[in-house]
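Have a look at the structure below, then the notes.
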Amino acid sequence: MFGIWGHPDAARMTYYGLHSLQHRGQEGAGIVVTDGKRMKGIKGDGLVNDVFDEKKLDSLKGSGAIGHVRYTGKSGIENIQPLLFHSSSGSLALSHTGNLINANDLKHQLEMQGSIFQTNTDTEVLAHLIKRSGYLALKDKVKNALSMVKGAYALIVLTEDELIIAQDPNGLRPLSIGKVGDAYCVASETCAYDLIGAEYIRDVEPGELIIINDEGIHEERFSLSGSHAMCTMEYVYFSRPDSDIRGINIHTARKNLGKRLALEANVEGDVVTGVPDSSISSAIGFAETAGIPYELGLIKNRYVGRTFIKPTQELREQGVKMKLSPVRKVVEGKRVIMVDDSIVRGTTSRRIVRMLKEAGATEVHVCISSPPMTNPCFYGIDVSTHEELIASSHSVEEIREIIGADSLTFLSVEGMLKAIGREGLGKNCGQCMACFTGEYPTEIYPDTPLPYEKEME
Ligand code: SF4
């Protein structure tokens, strides 16, 4: 998500911001802009560049804008954010990342009271709650709506007059504010600021609500902060290496994960290689600590999206074949230590191991810079169901055999926490680790929809 207030070309800035955040979702993109009187939006399937061109950006005039790249969930253009609603009392646009775990219940209640829904998203539930609130000021309407929802959300709301930002009480998804000239901006990751020449100001705190309008910036709370629980997978896999989350640089965190992994793994090899892109930093850290040369053993085809977040198994399978190639001269005749960030279903690891062996590697030792993933995520990251998570039903040795590796090592939970290095935030160092430990930082409802099956009843 990206948002900006007080810039003469807000839509173009949002376009560049979204471009930097493209790794967070490739299924669709949208921008809504306001000129103070009207609001207009454009959205579509695919990458930011597929959806927007000069002409479309020129048509989005105004000094306030929000944008979104779509990660997962039900297809259909109506589900692409930002969602934009018009009414006699004014327009409202919303962008939201995360997952509202009580959305089904709330939607049911709203429908009983006469609401009609146009999309399958939990974001629309939020829009209804905001619009129906009896309060007059938008900030109070948003606060009232947020008091009813549970789960993970980083939220940006845009009207003709202001931009409102909120972060859930556990701070599960990253969100920060920055400044470019006199304009304030907000982004899921700090890497968005570099491209537009903005200066990072600070992260949005759990339970905080920030209002930005022509009078400036105003900070409030809508909830006491719960226990901090930033998503650990943001550090391990999801975010870009040049972003910082809660003061910790992602590349540095990943390098430390690799260093720690090298200390915990008991493997010998001739070269260390990382699975591009998210595991390169960990592989460098591993190689440094193990004293084994780091080499580019795998090359990524830049023009294929991440297999992990394609919506169907069939597309995932096709994606892996197109995505990676081994560098034969690097791995031929070598014992290769292959560092990857995680094993979800095991299919990708199996293919990569086979690919490296077919390219002449004599041994392939797989080292994973996170613990076995045994539980689904209910907070907006598609890490699959219990049944699909290979580590929820197989031992490490069984997984090793399935993926065809000569050895398999996962990083320990303690090692992961130490490597990321968020200290002094109580239990779990302020991290959510539910997909590794099963300890969810919020209550989970029996019918809590997983992010990619968010077609609500
Ligand atoms: S369950 Fe895992 S992926 Fe989901 S928010 Fe927690 S750490 Fe992140």
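Only heavy atoms go into these numbers, but all of them, side chains included; no hydrogens, no water, no symmetry mates. Note that the structure is a prediction, hence the values are computed from the model and not measured. Just follow the structure's listing: the first ligand is 1, and inside any ligand the first atom is 1.
- The C231 neighbourhood of ligand 1 comprises atoms 3 (S), 5 (S), 7 (S), 8 (Fe), with distances under 4.0 Å to a heavy atom of that residue.
- For ligand 1, the atoms sitting less than 4.0 Å from at least one non-hydrogen atom of M233 are 3 (S), numbered in the order shown with element in parentheses.
- Between Y71 and F238, the gap from one ring centroid to the other is short of 6.0 Å.
- In summary, the atoms of ligand 1 found under 4.0 Å from a heavy atom of Y379, numbered by their order in the structure, are 5 (S).
- Here C435 meets the criterion, with an N, O or S atom under 2.8 Å of atom 2 (Fe) of ligand 1.
- Under the rule for a side-chain contact (heavy atoms from CB on, under 4.5 Å), the partners of L47 that lie at least two apart in sequence or sit in another chain are Q22, Q26, D50.
- Annotation: cation-pi geometry not satisfied between K259 and F286 (NZ/CZ under 6.0 angstrom from ring centroid, within 45° of ring axis).
- For a distance bound of 2.8 Å, the N, O or S atoms of C432 include none lying that close to atom 4 (Fe) of ligand 1.
- Residue T232 approaches ligand 1 through these ligand atoms, each under 4.0 Å from one of its heavy atoms: 7 (S).
- In this structure the side chain of V204 reaches within 4.5 angstrom of the side chain of I177, judged on heavy atoms.
- By the 4.0 Å N-to-carboxylate-O rule, E220 lies close enough to K143 to be salt-bridged with it.
- Residue I381 has at least one heavy-atom neighbour below 4.0 Å for each of these atoms of ligand 1: 3 (S).
- Atoms of ligand 1 found under 4.0 Å from any heavy atom of A434, numbered from 1 in the order shown, are 1 (S).
- H68 places a side-chain N or O within 3.5 Å of a backbone atom of H96 that can act as its donor or acceptor partner.
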